[in-house]
There are 2 protein chains.
Amino acid sequence: MDKELDIFIDFLRERNLKLTSQREDILKVFLKIDKHLSVEELYDIVKKKNPRIGQATVFRTLKLLREAGFAGEVNLGDRCIRYEYKYGHKHHDHLICIECGRCIEVVDPKIEELQQILCKREGFSPQKHKMEIFGLCKACRKGSRKAK
Amino acid sequence: MDKELDIFIDFLRERNLKLTSQREDILKVFLKIDKHLSVEELYDIVKKKNPRIGQATVFRTLKLLREAGFAGEVNLGDRCIRYEYKYGHKHHDHLICIECGRCIEVVDPKIEELQQILCKREGFSPQKHKMEIFGLCKACRKGSRKAK
DNA sequence: CACCTAATTGATTTTGAATTTCAATATCAA
DNA sequence: TTGATATTGAAATTCAAAATCAATTAGGTG
Ligand SMILES: [Mn+2]
Ligand SMILES: [Mn+2]
Ligand SMILES: [Zn+2]
Ligand SMILES: [Zn+2]
């Protein structure tokens with residue numbers, strides 16, 4: 001956690017930006033929660049720790065965290081941008097339940113490899129990718145069977 | 001094209017909805033263009049054919065087309081929902097150039113198969129999926145080499 | 001065809017997330 | 001400590017998406 005803060009400070013210094021208590025608070029909360037959060041959701045949580053903070057600051061800091069490589073954008077099918085903790089976490093994709101909203105994180109090395117091959121075949125130089133599978137999770141599958 | 005119209009009419013009848021000239025125009029333009037369009041882009045094109053049409057109608061009809069299985073949502077990394085023609089087209093995924101915006105449509109049967117296996121392993125019942133790879137297309141890769 | 005009812009339309013308004021503005025404030029290198 | 005520069009947060013703005021509503025239209029019934 002201190003390590004992440006140090007990295008963030010270095011990142012800020014490199015770009016002639018300043019470390020503020022707000023930025024530190026937001027980073028800490030974001031690292032600790034470790035969920036797929038919208039700006040507003042993160043704002044609500046940060047507010048509890050520091051009620052004087054504005055949502056514009058949360059918004060701007062989240063953007064910085066993305067540029068610093070701490071946060072990645074996720075699209076879970078609802079109509080807003082979500083962010084997840086990225087630094088030190090391995091890449092993964094998502095299985096999203098359209099019933100309960102649950103989100104399962106998965107990796108399939110074989111798929112990742114085939115993606116590379118696919119890109120090479122197209123002369124395309126990949127930088128990042130997203131794969132989301134929408135459907136019913138184990139629990140909801142059982143639930144809907146009962147309901148019938 | 002007539003076939004699609006017939007299917008749409010059946011769809012409407014089933015839900016006690018009416019076929020209007022607006023709906024017919026929008027469907028025809030949408031089928032003909034066959035690109036990844038935002039509501040606004042489709043509206044601009046439809047307006048040329050029928051200038052008295054409102055964007056609310058385009059918006060609502062696009063929603064109907066989605067429900068009827070003619071249109072699918074696509075997210076190309078810009079900040080709006082795009083729709084693509086779906087009916088009778090095979091499923092595919094997208095390679096998106098972050099430089100020029102070009103969008104290459106691809107399918108890898110092996111990846112599709114591995115996705116099914118992955119879901120089975122997680123007890124997840126997949127309904128649809130999206131895979132987008134962001135990077136540089138062949139042309140932009142060459143372009144940026146020159147620029148350096 | 002004429003009638004009638006429910007669906008549709010489109011100008012307009014509303015929403016809500018994302019983003020910008022700007023005067024007051026805080027940071028940090030010198 | 002000082003001062004140039006970055007930051008903050010309330011408020012305003014943007015913009016796509018969605019809702020409102022009075023006027024219009026489709027299409028089933030007789
Ligand atoms: Mn995740
Ligand atoms: Mn496509
Ligand atoms: Zn579920
Ligand atoms: Zn390109």
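Just the heavy atoms: all of them, side chains too, but no hydrogens, waters or symmetry mates, feed the values below. Please read all numbers here as calculations on a predicted model, not as lab measurements. Lettering follows sequence order; numbering is per chain, from 1.
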Please state how far atom CD in B:E14 lies from atom P in C:dA7, giving the value in whole angstrom units. 16 Å
Respond yes when some side-chain nitrogen or oxygen of B:T20 is under 4.0 Å from OP1 or OP2 of C:dA7, and no when none is. no
Ring geometry between B:F8 and B:F11 (parallel below 30°, tilted from 30 to 60°, perpendicular above 60°): parallel
In whole angstrom, what separates B:R13's CZ from D:dG28's P? 6 Å
Report the C-alpha separation of B:D6 and B:K3 in whole Å, then their side-chain angles, then the decisive distance to 0.1 Å, and conclude whether the salt bridge (charged side-chain N to carboxylate O under 4.0 Å, His left out) test is met. CA-CA 5 Å; B:D6 285 343; B:K3 191 184 155 204; over 6 Å; no
Would you check, one step at a time, whether the test salt bridge (charged side-chain N to carboxylate O under 4.0 Å, His left out) holds for B:R82 with B:D78? CA-CA 9 Å; B:R82 292 177 173 282; B:D78 50 0; 2.9 Å; yes
Phosphate oxygens OP1/OP2 of C:dG10: is one of them under 4.0 Å from a side-chain N or O of B:Q22? yes
Does NZ belonging to A:K110 count more than 12 external heavy atoms closer than 6.0 Å? no
Check against salt bridge (charged side-chain N to carboxylate O under 4.0 Å, His left out), B:R15 and B:E67: CA-CA 11 Å; B:R15 318 214 339 186; B:E67 289 167 20; 2.7 Å; yes
As a test of reading the structure: which of C:dA18, D:dT7, C:dG10 is closest to the side chain of A:R23, going by heavy atoms? D:dT7
What are the two closest heavy atoms between B:E73 and B:K130, and how far apart are they? O-CE, 3.8 Å
Distance-only donor-acceptor test, B:K18 side-chain atoms vs D:dT25 base atoms, 3.5 Å: no
On DNA chain C, does the nearest nucleotide to A:I81 precede the nearest nucleotide to B:L17 from the 5' side, or the other way round? Give the residue. B:L17
Distance check needed: C:dA17 P versus A:E73 CD, whole Å only. 16 Å
Send over the distance from A:N16 CG to D:dT5 P, rounded to a whole Å. 10 Å
CA sep, side-chain torsions, deciding dist, call: A:E4, A:K32, salt bridge (charged side-chain N to carboxylate O under 4.0 Å, His left out): CA-CA 12 Å; A:E4 277 90 343; A:K32 193 169 148 194; over 6 Å; no
Of the listed C:dT27, D:dA16, C:dA17, the closest approach to the A:E40 side chain comes from C:dA17
In this structure, how many angstroms lie between the C1' atom of D:dT7 and the CZ atom of A:F8, rounded? 12 Å
Heavy-atom contacts under 4.0 Å between residues 49-68 of chain A and DNA chain D, which residues? A:R52, A:I53, A:G54, A:A56, A:T57, A:R60
May I have the distance from A:Y43 (atom OH) to C:dT19 (atom C1'), rounded to whole angstrom? 15 Å
From CZ of A:R15 across to P of C:dC28 the rounded distance in Å is 16 Å
Whole-Å distance between D:dA16 P and B:R79 CZ? 13 Å
